[in-house]
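Quick notes on the structure that follows.
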Amino acid sequence: MTANLLDGRALSQKMKGDLAQEVQGFLAQHGYAPTLAVLLLGEDPASQSYVKAINKACSDAGIGCNQIVLPATTTEGQLKAQLRQFNEDPRTSGVIVQMPLPKPLTQNMVTDVLSPDKDVDGICPANAGLLALGQEGFVPNTPNGGLALLKGYGIDLVGKRAVVVGRSNIVGKPLALLLLQEHCTVTICHTRTRDLPAVTREADILAAAIGRAGAVTGDMIKPGAVVLDFGINPGEKGFVGDVDFEAAKEIASWITPVPGGTGPMTNVMLMRNTLRAARKAASR
Ligand code: NDP
């Protein structure tokens, strides 16, 4: 058996087309386009390439992109002043701050100040709380994109055993909460999980957000499982996932390729959140 592909590239293209139309509608109604502020501190090369990709996603969607680059020596006071400026600017619909921040700046310094209404990356405690309560807020884009991929391919989630490997605040934990909302029975695994393969083998839906190439091997997958791979790890010939794709595709029923699976979905969800933030602000 060879698994079907959960093709994030194809689905994200379709979603981008629909989104661009909605953005045009917003522009026609309000006379301005939703705008995303992208704040980059320092010169981390990976962050620079993410920012480029965000810029392109904005331009494809017709969303304004206000890219601000501050030096790695930016102080806490300067960071917070910049964020307050975004909060107060009526034309800034959403804000994303590129992580990791140069030391000694921390994510908490961002979430202390950033308005939850403009937190289109879903990193503020208020949005994390809303997700935990099952209420509407901004959900982190990567897990939200993973869920959109499952739904886009009509994967039945109700009553399924879902196992999420990884408990970060930006991928694993919010994904587990999203799957719970979809009525999966969810287990979250991490480095202290005992007998990880025994747990993952129970999964109808297996999600890997680990950050270690090939950490999920074929023997860890239940035959017929749906496998979502969030890993983006540098390999010899480009990026590779957290799942041993070659082995997994012979066992799973559906699987995300890396690249081209969960990755392309992330920025579409970011664009969608920016449009939502703009709509919310315009309705106030
Ligand atoms: P983190 O490093 O923050 O979290 C990794 C998690 O995996 C931790 O909870 C850790 O457990 C767990 N883990 C690590 N090793 C093992 C192991 N051997 N067995 C079981 N659990 C393990 O990473 P992120 O969540 O930020 O990212 C995960 C992956 O997703 C990375 O490859 C990253 O590049 C990618 N990513 C992809 C995005 C996309 O757009 N698709 C966006 C963001 C990230 P513990 O908590 O115990 O340490």
Side-chain angles (χ1 to χ4, degrees), residues 5-9 11-12 15-16 38 44-54 56-57 96-101 106-108 120-123 128 131 138-150 152 162-179 186-203 206-217 219-221 227-235 238-245 248 255-273:
L5 287 187
L6 292 164
D7 185 343
R9 215 167 261 151
L11 183 63
S12 66
M15 288 177 73
K16 274 183 202 167
V38 183
D44 179 56
S47 293
Q48 284 174 336
S49 86
Y50 290 141
V51 166
K52 242 192 218 162
I54 291 172
K56 179 165 186 316
I96 181 162
V97 181
Q98 208 51 62
M99 302 292 166
L101 293 167
T106 64
Q107 186 170 316
N108 281 356
V120 287
D121 206 15
I123 60 170
L131 176 60
F138 290 115
V139 174
N141 295 298
T142 298
N144 211 13
L147 180 66
L149 201 45
L150 293 175
V163 173
V164 178
V165 189
R167 56 175 163 179
S168 73
N169 289 331
I170 199 73
V171 193
K173 219 184 282 176
L175 178 69
L177 289 167
L178 287 170
L179 291 169
V186 183
T187 303
I188 306 177
C189 300
H190 43 77
T191 52
R192 312 291 174 88
T193 298
R194 290 199 192 136
D195 198 356
L196 180 66
V199 183
T200 59
R201 272 196 297 268
E202 291 189 359
L206 176 59
I210 302 169
R212 209 157 60 81
V216 175
T217 49
D219 61 321
M220 295 168 72
I221 301 168
V227 178
L228 268 185
D229 189 350
F230 290 93
I232 305 178
N233 308 295
F239 289 106
V240 295
D242 290 343
V243 177
D244 175 354
F245 181 82
I255 188 167
T256 50
V258 177
T262 57
M265 298 297 291
T266 297
N267 280 344
V268 190
M269 304 317 279
L270 175 63
M271 298 303 115
R272 230 169 66 164
N273 271 354

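Since we're looking at a predicted model, the values are computed, not measured. Just so it is clear, the values below take in all heavy atoms, side chains as well, and ignore hydrogens, waters and symmetry mates. Counting starts at 1 for both ligands and their atoms, in listed order.
- Judged purely by distance below 3.5 Å, without hydrogens or angles, the side chains of D121 and N141 pair a donor atom with an acceptor atom.
- Counting heavy atoms from C-beta on, the side chains of P140 and M269 never come closer than 4.5 Å.
- Using a 4.5 Å heavy-atom cutoff, the side chains of L147 and V139 are not in contact.
- Inter-residue side-chain proximity for T266 and L270 is flagged as unmet; no heavy-atom pair is nearer than 4.5 Å.
- Using a 4.5 Å heavy-atom cutoff, the side chains of I255 and L5 are in contact.
- No donor-acceptor pair under 3.5 Å is formed between the side chain of D242 and the backbone N or O of D229.
- A distance limit of 4.0 angstrom between heavy atoms and ligand 1 selects the residues T142, V165, G166, R167, S168, I170, V171, H190, T191, L196, A209, I210, G211, R212, F230, G231, I232, N233, T262, G263, T266.
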